[in-house]
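Okay, so here's the structure we're looking at.
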Amino acid sequence: MLLIPCPWCGPRDEVEFGYGGQAHVAHPADPDALDDAAWADYLFMRDNPRGDFAERWYHAAGCRRWFNVVRSTETHEVRHSYPPGAPPPRSRP
Amino acid sequence: MTADAPAVAPLAHRAADLARAGGDGVGAREVPFLAQTDVRADAGSSMPWPLPTEPNTVAAEGDRTVLWLGPDEWLVVGPQGSGADTVAQLQAALGDAHASVVDVSANRAVLELRGPGRHELLAQGCSLDLHPRAWGPGRCAQTLLARVPVILEERPDSTRLYTRPSFGDYIVDWLLDAIGGD
Amino acid sequence: MTELWRAAEPKRSYDVVIVGGGGHGLATAYYLARDHGITDVAVLEKGWLAGGNMARNTTIIRSNYLWDESAAIYEHSLKLWEGLGADLDFDIQFSQRGVLNLAHDLGDVRSSLRRVNANRLNAVDAEWLTAEEVADFCPIVDVSHDVRYPVLGATLQRRGGIARHDRVAWGYARAADRLGVDIVEHCEVTGFDVREGRVRGVETTSGTIAAGAIALAAAGHTSVLAARAGLRLPLQSHPLQALVSVLLEPVLGCVVMSNAVHVYVSQADKGELVMGAGIDAYNSYAQRGSFHVIEHQLAAAIELFPVFRHAKLLRTWGGIVDVCPDASPIIGPTPIEGLYVNCGWGTGGFKATPGSGHVYAETIAKGAPSPLAEPFGLERFTTGALIDEHGAAAVAH
Amino acid sequence: MTSMRLPQGGAVDRDAVVAFRFDDTTLHGFAGDSLASALLANGVDVVAPSPLLGRPRGVMAAGVEEPGAFVEVTEPYFDAIAPATTVELVEGLAARARAGVGRLPMAGDRAGPSSEHRNVHVETLVVGAGRTGLRAAAAASGGGDRVMVVDEGFALRADVRQAAAALSDAPDATVLLRATALGVYDDGYVVVHERARPRERVWHVRARRVVLATGAHERPIVFRDNDLPGVMLASAARAYVERFGVLPGRRAVVFTNNDSAYGCAATLRAAGAEVVAIVDCRPAASAPADGIPVLAGWTVTAAQGASRVARVRVTDGASERDLDADLVAVSGGWNPVVGLWRALGGGLRYDEDRSCFVPGPPGPPWIEVVGRAGGDVPAAAPLWFVPADDLSRHFVDLQRDATVADIAEALDAGLRSAEHVKRYTYIGTSIDQGRTSGVVAAEVVNQLLGSGPGAQGPTNARPPYTPVSFATLAGRARGRLFDPARTTPIHRWHVEHGAVFENVGQWKRPWYFPRPGDDMEAAVARECLAVRTGAGIMDASTLGKVEVVGPDAAEFLDRMYTNKMSSLAVGSIRYGMMLGVDGMVLDDGVAMRLGEDRFLFTTTTGGAARVLDHCEEWLQTEWPHLRAYCTSVTEQWATVAVAGPRARAVLAALGTDIDLSVEAFPWMTFREGNVAGIPARVARVSFSGELAFEVNVAGWHGLPLWEAAMEAGRAEGLTPYGTETMHVLRAEKGYVIVGQDTDGTVTPHDLGMSWIVSTKKGDFVGRRSLRRPDTARRDRRHLVGLLPDDPQTLLPEGAQLVAEEDGSAPPVAMVGHVTSSYRSPSLGRTFALALVDGGRELTGRTLYAPLPEGTIAATVTEPVFYDPEGARRDG
């Protein structure tokens, strides 16, 4: 049971959250400008690193806010938690 | 709700069960027909009541209690029949500000747990830290109880549990089983 | 007694280097050698042979998938399973005890019948059982109506079953070794030599190895490897947990799966109940998941099988599964000439082992997708011609 | 059987005699005994046969590491299989031998062990209530931490009782006995199993810091017939004397590679046993033997005897001697208990002096491993097994009857990894997960491969630390608490009136309302005709409802729906469809414009949560600048649909201040007013094609409204109908059900609903995906109607379709499948909806559904079967 730090509600059990996969994948401003390959890239291609990963979580059973977390996919250690729109923090807190 | 229109509280049919299950350091009963208003607005907006800005806390003034539900969301709880007045006051105060005021009085059933054992009881299905070090009057939280989304509101000598009426029977069954009164 | 496989030292160069010494990699090597005369092959395994998902899966074998493309490759695999013991001259303890997929609501029933009818027309054996027939076939399933998710019926594939995963890997390793394939354990691929859009070799913890073709068969680690070759793939790696009970006298003679309550279970010949559930939600390479998944799975198991209430949990563990957006695998060439991928099997990899290895070997040998592999190419993500097994509510395991 | 109970000593309560049954013999022990100590006290040597070879096995250990003495407990509770060493002796206990394999009772209590789960938060959790653990706990408690100490034993050791008592008096400090830490998980999450009776407890502990003071397990040295009853771990022999006042044997040989066993020898002698010799494999045995003969540099090569040790053969390599003895107390050194540490990737390193694996980096910073678990164990010589020509009775894992010879065979087979050897021999896979065999097996491998001690470590023990029943871990999530059944405010009326229910997601919905004598077909036919010819009433409260408020609410909905919502007039309603970003149909419903900046839209019953999350995701992560808020009002409103040509009359009879005339209240508009004295929002939407009013009232008014309607509608024959009738009626009109006629691979164009995909407005979710080559194909699967050639034959839903009647010999290409199929009382025949390749071009063509019971022919039609011109919607 991971402990996910909601920027607003604080650390809560994983089961309160929805998982949103890779963070910072913006919907293209002008989808029509993308060819099929580029559009497929937006739809399906996601980073899948072993190590630190900026990912989205949704506090579904709490404050219903989406937010971002930097978490190691190797150790599950959470390094940062920050609101959507904010850039991914560089260094460890 | 309008006074004259016939209404049935969501958990009225379980009142006897809940009464029977009392004792053992815990008692539970439904608090029916509370007026509940969901407010969405910027934290800075002008309001007829002080809105708690610290997450998961409650502000009370007169017979209105305001629960923090999110950085831009609150639940204003008042006595039966006060909903229309709450909506009117909020809309007046908010004026043209971008905000959302929605009457959700019937959207959640409310149970009140009393007795010293109530936090241990909840701890059987809720993963929040309900120890006095972390929890007490004036706090609220949206979380899960067993498999159901709930709002917990801690009051001086009771805990209020808000849940969707459709989950009411499950929550009551769960409470009765946990209390051992079933 | 002769050894199962030689402990080979890697040569400097091979016709084909297979990255990943799991079931798929070993099967690929075997069929390259047996069917295509390509024996100058190395299988590179970073740890001990078949120590990844091959050692961690619940060994369920079936081919009753909905879509034609899936049914075709899994049925091809099942046919190979049926002859595999003799083919490898090695007892893989393959037991065709039947696989039940339970339906718990009207939507389940609809999609189950749709799948059964599709299977029959694809020459895949499939039957629809009523709740009563389910009780006859598997008496310990609770088919009473007063439960939260009553059993309304089930699909049955009698040819489905289980096999002994370790022996499958060892059987392929032994047979490939006999045909001249080098099986190299404790040799990790750390990089790829890619020049002018063509892959020419791999960097490993045992030095550089040149290769005419390089075939990835690394399951959950595929993304990490592909990235080292500068290749992006539509994959996400998740924990998939499984568990076994203590040894028990026989109670369950078939495989039972339930999507609605997320359980699949069989009883191994030794006596332990072998169970799996859905994947954990988050990305991970940690080979461990969260315990609430196990608790929910056991609760669900007892709802289906009240007799399991006294069964005791012995061991839980996690593997790393690589999942595609459409829950179907990717098999075929890549934009990098000479580099092939076989990945994205998600939770369904074990049952596909022979079929996957067979079509992958053909694809590598011909340098072009085999007919059965063709629909599973990377292009489908661009055209939109996905093979959406979970969208169509087929069982993903 | 002679009593081996000592006249005094031990921590048992000699005033509390406990009667128990073992294999149908009634025996007696004391409170404080384990079943194992009680059996030993009663002179029971053989507890159970071995699993594969049927060899006699006795008690070898005193704790969870016991590899041989397995029992099934039948009274006063049921336990399928457990080592006798972990079973607390309680009055009325009944147990029988098990050969390492459990048996599940087919009859008996349905419930099984009942357990409750509890969440608890502490700053410090200590696993192990030994001296080290309690010291760490006291320090943490003194520092103000909330502290929990858990220990698997049922009694504290005498020397720590005071410390434990003192701790228990501290604020927020708990010491739990019979409490096993099953596993340590990420972020300080520890699952603890407390064997409380009658109701077991599973603690979900969230700790900031975890201290593992789990001690060490003694391991044996392997020699010929080392599984004979009477061969016992030295520490266990000592424990039986000191903790239980039981003498495990009268003539003992102590066999050791380390000093710790000397204490055992002294204890045995003090208790009155003759210690024949201490056989110490180390040439220069150092420890004081206190007059006990020490054979330094000697080893035990074999135990001899039928069902119990009678003689022990020893050798110094040159000569051999046989010693009369009934007990071999053996110590092969100590293994720190590190399973919980390893589960989170904790590292191990080999300690040359102690000949064992001790915890070392890496590992999570919040876990400390202390005391013997941390590696503070006696030095030991690296002797794992006593060499012999025949190793086939040198038992490494008693639970698998696996020997050194089996390991040698695995290596002969070319296997070199301890993991492969484990999988070849099954060593370490049984109930103790290799507590006595894991390290020995690994070192036997190292020795036989000549790779040196510690070259390969033991295979991983996995959680749980000790086996626990499924029911215990399921906790309360059983029966009706397994998963919530959601019900509407009107549910109880449906129950009282005999509704048959359908599960829709978590919801219980009335499927149909049979009258006495009705089967489903009759009930549905009656309900359908009622709606088509009179009036029907349905509980539509389960539909998801979301209120969207803000200046940009219209713009937001334009981006979420395929069609335009911003052009909707206040007071009007529009059907809408949402797509996933992949262009596939996600959900559908209607949107009402309540005000310039206020909408309410509905979702499918199963889609409510998914759609709201979908909206919040786009709003919060993609368009935070849009000024719109979404609020779920699904259960604020109970929705009662009154449908049929007489619906207007029913509403009038109910009493309302709303003008119901077509002119004042046109189709796809809504009005607010009172219905039956209840404030209501009434919508003129229809999912049946008939005149219909959806009356929305606050949830708590739902039941009164429904009952009033049934009363007022009696004259009109108002008939309650369920989801099946609703499905038939909508299918007659060709209205799709998302999730039944779609499956996540279907676009609006496939459904023949291109009209709902706006080409004039800007971008919306999923639009670009519709242009992908495969998604834009003209010959994709289209929704069509099907009329079976025999109007009484019902096509099964899920039937696959082929083009040629004789083309049904598999494998054969399928051209589509049936998504919905019903008998229509209005049409007097059967009909179906299907998805068919290029189906819109095939109108009039005959397709075939090959089924086990025969092939059904059907003709492709337009997917609208009833009132295509929509003449009936105004009544």
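When reading the values below, keep in mind they use all heavy atoms of this one structure, side chains included, and skip hydrogens, waters and symmetry mates. Chain letters run A, B, ... following the sequence lines, proteins first, then strands; residues in each count from 1.
Proximity to chain B is absent for every atom of Thr488(D), based on heavy atoms less than 4.5 angstrom apart. Residue Pro484(D) touches chain B through both its backbone and its side chain, counting heavy-atom pairs closer than 4.5 Å. Heavy atoms closer than 4.5 Å to chain D are found in the side chain of Arg133(B), but not in its backbone. For a residue to count as touching a neighbouring chain, one of its non-hydrogen atoms must lie under 4.5 Å from one of that chain's; by this rule Ala99(B) touches chain D with the backbone only. When heavy atoms are compared at a cutoff of 4.5 Å, Ala628(D) approaches chain B solely by way of its backbone atoms N, CA, C and O. Contact annotation for Trp637(D): neither backbone nor side-chain heavy atoms come within less than 4.5 Å of a heavy atom of chain B. For a residue to count as touching a neighbouring chain, one of its non-hydrogen atoms must lie under 4.5 Å from one of that chain's; by this rule Ala485(D) touches chain B with the backbone only. Within the 4.5 angstrom heavy-atom criterion, no atom of Glu707(D) approaches chain B. Neither the backbone nor the side chain of Asp96(B) comes within less than 4.5 Å of any heavy atom of chain D.
Put simply, of Arg492(D), Glu547(D), Arg476(D), Arg206(D), the one with the most heavy-atom pairs under 4.5 Å next to chain B is Arg476(D). Looking only at heavy-atom pairs under 4.5 Å with chain B, the residue among His491(D), Arg146(D), Arg118(D) that has the most is Arg146(D). Ranking Ala553(D), Ala638(D), Ala676(D), Ser632(D) against chain B, the residue ahead of the rest is Ser632(D), based on heavy-atom pairs under 4.5 Å. Taking Thr542(D), Leu703(D), Val548(D), Val633(D) one by one and counting their heavy-atom pairs under 4.5 Å with chain B, the maximum is reached by Val633(D).
Of residues 119-127 of chain B, those residues with a non-hydrogen atom less than 4.5 Å from any non-hydrogen atom of chain D are, in numerical order, Glu120(B), Ala123(B), Gln124(B), Gly125(B), Cys126(B), Ser127(B). Inspection of non-hydrogen atoms places Arg147(B), Val148(B) of residues 135-156 of chain B under 4.5 Å from chain D. Heavy-atom proximity under 4.5 angstrom to chain D picks out nothing from residues 50-61 of chain B.
Aromatic ring pairs are classed by plane angle as parallel below 30°, tilted from 30° to 60° and perpendicular above 60°; the pair His98(B) and Tyr629(D) is parallel.
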Derivation and outcome, side chain to side chain contact (heavy atoms under 4.5 Å, CB included), residues His131(B) and Asp172(D): CA-CA 10 Å; His131(B) 187 279; Asp172(D) 301 324; 3.0 Å; yes
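Side-chain atoms of Tyr170(B) do not come within 3.5 Å of backbone N or O of Asp483(D) as any donor-acceptor pair.
The minimum heavy-atom distance linking Arg598(D) with Val101(B) is given by the pair NH2-O, 3.0 Å. The shortest non-hydrogen separation linking Ala5(B) to Pro679(D) is CB-CD, 4.2 Å. Residues Ala698(D) and Ala106(B) share a closest heavy-atom pair of CB-CB, 4.1 Å.
By the 4.0 Å N-to-carboxylate-O rule, Asp169(B) lies too far from Lys508(D) to be salt-bridged with it.
Residue pairs meeting the salt bridge (charged side-chain N to carboxylate O under 4.0 Å, His left out) criterion with at least one member in residues 548-557 of chain D, sequence neighbours excluded, are Asp552(D)-Arg627(D), Glu555(D)-Arg559(D).
The CG atom of Asp103(B) sits 5.0 Å away from atom CD of Gln636(D), with the distance rounded to the nearest 0.5 Å.
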